[in-house]
*Asks:* 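Following this message is one structure expressed as C-alpha cells.
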Amino acid sequence: MPVCEIAQGATALDCLPPVPPMPVTDAATRAEYRTEIGQEFTAYFDEAQAYLRCLDAARAEVSEDINRAIQDYQSLGPEPDV
C-alpha cells in the first residue's frame with residue numbers, strides 16, 4: 001500500500017509515515033516466521049522511502065510557493081514614504 005501518492009500540490013499533511021514492524025524477540029518465532037518477518041521489514045523500508053519522497057515533493061512544492069510569493073511581493077515595488 002503506497003504511503004503517499006506524489007501529486008502536484010502535495011503537502012506534508014499528505015505524507016503518512018509508515019508504522020515500523022514490531023520487534024520479534026522470541027527465537028523460535030523468529031526462526032519459524034523468518035520469511036514473513038523479513039517481508040514485513042522489506043515492506044516497511046519501501047514505505048519509508050515512499051514517505052521520504054513524499055516529504056521531498058511537499059518541500060519542493062512549498063519552496064516554489066515561497067519563491068512565487070517573494071516575486072509577487074517584490075513586484076509591489078518600494079514602500080512609499082509616509
Side-chain angles (χ1 to χ4, degrees):
M1 172 178 1
V3 174
C4 170
E5 293 295 325
I6 300 176
Q8 187 148 0
T11 70
L13 297 176
D14 297 320
C15 307
L16 298 174
V19 177
M22 296 294 295
V24 179
T25 57
D26 178 62
T29 302
R30 289 174 68 95
E32 184 174 351
Y33 295 101
R34 178 169 175 55
T35 300
E36 292 85 355
I37 293 168
Q39 290 170 344
E40 188 175 346
F41 275 93
T42 298
Y44 170 71
F45 297 139
D46 291 343
E47 291 171 6
Q49 287 299 315
Y51 171 66
L52 294 174
R53 284 190 300 274
C54 183
L55 289 176
D56 287 342
R59 182 187 180 285
E61 184 71 25
V62 170
S63 293
E64 288 176 20
D65 291 344
I66 290 169
N67 288 333
R68 277 191 295 272
I70 289 170
Q71 289 174 353
D72 290 345
Y73 178 71
Q74 289 173 338
S75 71
L76 294 175
E79 292 187 25
D81 294 332
V82 180

*Asks:* Between OH of Tyr51 and CG of Asp56, what distance do you get to the nearest 0.5 Å?
*Replies:* 10.5 Å
*Asks:* Do Gln49 and Leu52 touch side chain to side chain, with heavy atoms closer than 4.5 Å?
*Replies:* yes
*Asks:* Do Arg59 and Ser63 make a side-chain contact, defined as non-hydrogen atoms from C-beta onward lying under 4.5 Å apart?
*Replies:* yes
*Asks:* State the CG-CD1 distance between Asp65 and Ile70, to the nearest 0.5 angstrom.
*Replies:* 11.0 Å
*Asks:* In Å and rounded to the nearest 0.5 Å, what is the CD to OG1 distance from Glu47 to Thr42?
*Replies:* 11.0 Å
*Asks:* For the residue pair Met22 and Glu40, what are the closest heavy atoms and their distance?
*Replies:* N-OE2, 4.2 Å
*Asks:* Check for me, please, whether Val19 and Ile37 land in the same ILVMFWY cluster - side-chain distances under 4.5 Å, paths through other members count.
*Replies:* no
*Asks:* Taking a hydrophobic cluster as the set of Ile, Leu, Val, Met, Phe, Trp and Tyr residues connected by side-chain heavy atoms closer than 4.5 Å, whether directly or through intermediates, do Phe45 and Leu55 fall within one such cluster?
*Replies:* no
*Asks:* Is it true that atom OH of Tyr44 has more than 12 heavy atoms of other residues, nucleotides or ligands lying nearer than 6.0 Å?
*Replies:* yes
